[in-house]
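Below: one structure, written as structure tokens.
As a basis for the values below, the full set of heavy atoms in this structure was taken, side chains included, without hydrogen atoms, waters or symmetry mates. One-based numbering, in listed order, for ligands and for the atoms of each.
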Amino acid sequence: MFTGIEEYRSLDTASLYDNEKGVGCALRESGVPREKVFITTKVWNADQGYRETLKAFDQSRKKLGVEYIDLYLIHWPVKGRYVETWKAMEELLDNGAARAIGVSNFTVHHLEDLMLNASIIPMVNQFELHPRLYQAGLIEFCRSKNIRVEGWAPLMRGRLERDPLILGLGKKYGRTPSQILIRWALDHGFITIPKSVRRERIEENAQVFDFTLSVDDVRLVDSLDRGERTGPDPDNFNF
Ligand SMILES: NC(=O)c1ccc[n+]([C@@H]2O[C@H](COP(=O)([O-])OP(=O)(O)OC[C@H]3O[C@@H](n4cnc5c(N)ncnc54)[C@H](OP(=O)(O)O)[C@@H]3O)[C@@H](O)[C@H]2O)c1
């Protein structure tokens with residue numbers, strides 16, 4: 001926990017990551033008041049379904065040692081299960097146990113299907129999003145439904161560190177490649193969650209609020225799109 005950096009108060013975890021206990025522990029040790037931190041966690045695929053989700057939520061809450069979760073997400077769109085899962089999510093929102101609910105790795109057709117059966121439209125969709133996978137159609141759809149776009153793997157897991165365009169922009173703005181990538185996401189209005197286990201990189205990645213990319217440079221970075229994923233395809237996964 002880096003209490004010196006006001007902007008770094010969003011913690012993204014998931015039951016799958018098996019680190020909820022550690023995150024809860026770090027939160028208590030930091031002394032940062034609970035309400036100053038935004039905690040996201042996710043229901044894993046094996047726990048989907050109405051009753052199962054309510055149970056999984058309680059387990060996550062206990063492991064984190066908190067009263068409420070700021071944002072609870074369906075981790076992946078498990079066919080035949082996510083509609084029932086969503087009913088539990090709506091209940092968790094209704095009773096205040098989750099402050100916001102959303103989905104992760106949902107494509108347009110998953111969202112359309114879910115919304116046919118939902119009372120509440122997901123507030124967030126968290127999906128893989130970086131310049132090599134700029135999912136314009138999905139972004140546009142989410143925005144048209146008022147679903148906030150949150151991008152995972154914003155640094156493309158290190159694979160854009162040596163890209164000539166990103167390096168060139170780094171020189172132009174006097175920033176590191178990671179800072180250019182994070183700024184690109186922020187300039188698009190995406191919620192972004194870069195990950196590092198190293199203190200100096202966490203600090204570096206947070207130093208992005210004192211500059212912006214020009215509109216033309218944002219467009220240049222958009223042109224790196226190749227539809228290239230680092231993770232599984234939401235239309236073709238088997239876990
Ligand atoms: N919803 C989902 O299905 C899903 C899937 C994947 C990830 N996520 C979430 O998204 C977060 C980020 O995604 P991600 O970890 O896959 O990818 P990422 O943030 O794009 O990349 C992380 C990689 O970049 C390196 N890195 C970080 N900062 C750097 C810097 N300043 N300079 C150079 N290298 C740097 C990290 O290495 P070091 O750690 O060694 O610094 C790590 O190898 C995860 O922590 C997770 O919370 C969600």
| task | May I ask you to identify, for Phe127, whether its side chain, its backbone, both or neither come under 4.0 Å of ligand 1 on a heavy-atom basis? | result | neither
| Test: Arg219 and Asp216 ion pair at under 4.0 Å | no
| said: So, regarding Ala153 and ligand 1 (criterion: nitrogen or oxygen to nitrogen or oxygen, under 3.5 Å), is there a contact or not? | reply: yes
| said: Determine whether a donor-acceptor pair (N or O, by modelled atom type, separation under 3.5 Å) exists between the side chain of Gln179 and the backbone of Thr176. | reply: yes
| Can you tell me the protein heavy atom closest to atom 28 (N) of ligand 1 and the distance? | Asn205 ND2, 3.0 Å
| Pairing of Glu203 and Arg199 as salt bridge, 4.0 angstrom limit | yes
| field | Side chain, backbone, both or neither: the part of Ala14 lying under 4.0 Å from ligand 1 by heavy atom | value | neither
| task | For the pair Lys79 and Asp113, find out whether any cationic side-chain nitrogen is under 4.0 Å from an anionic carboxylate oxygen. | result | no
| task | Answer yes or no: does an N/O atom from Gln126 fall short of 3.5 Å to an N/O atom of ligand 1? | result | yes
| Given that the side chain starts at C-beta and the backbone is N, CA, C, O, which of these parts of His130 lies under 4.0 Å from ligand 1, counting heavy atoms, or is it both or neither? | neither
| said: Residue-level breakdown please: for Arg157 versus ligand 1, do any non-hydrogen atoms fall below 4.0 Å on the side chain, on the backbone, on both, or on neither? | reply: both
| query | Heavy-atom distance to atom 22 (C) of ligand 1: which of Glu150, Lys195, Gln179 wins? | reply | Lys195
| message | Residue-level breakdown please: for Asn105 versus ligand 1, do any non-hydrogen atoms fall below 4.0 Å on the side chain, on the backbone, on both, or on neither? | response | side chain
| task | Examine the side chains of Trp184 and Asp217 and answer whether a donor and an acceptor come within less than 3.5 Å of each other. | result | no
| In the protein, which heavy atom is nearest to atom 38 (P) of ligand 1, and how far is it? | Arg201 NH1, 3.3 Å
| field | Region of Thr13 that comes within reach of ligand 1 [heavy atoms, distance under 4.0 Å] | value | neither
| said: I'd like to know if Pro194 contacts ligand 1, where contact means a heavy-atom distance under 4.0 Å to any ligand atom. | reply: yes
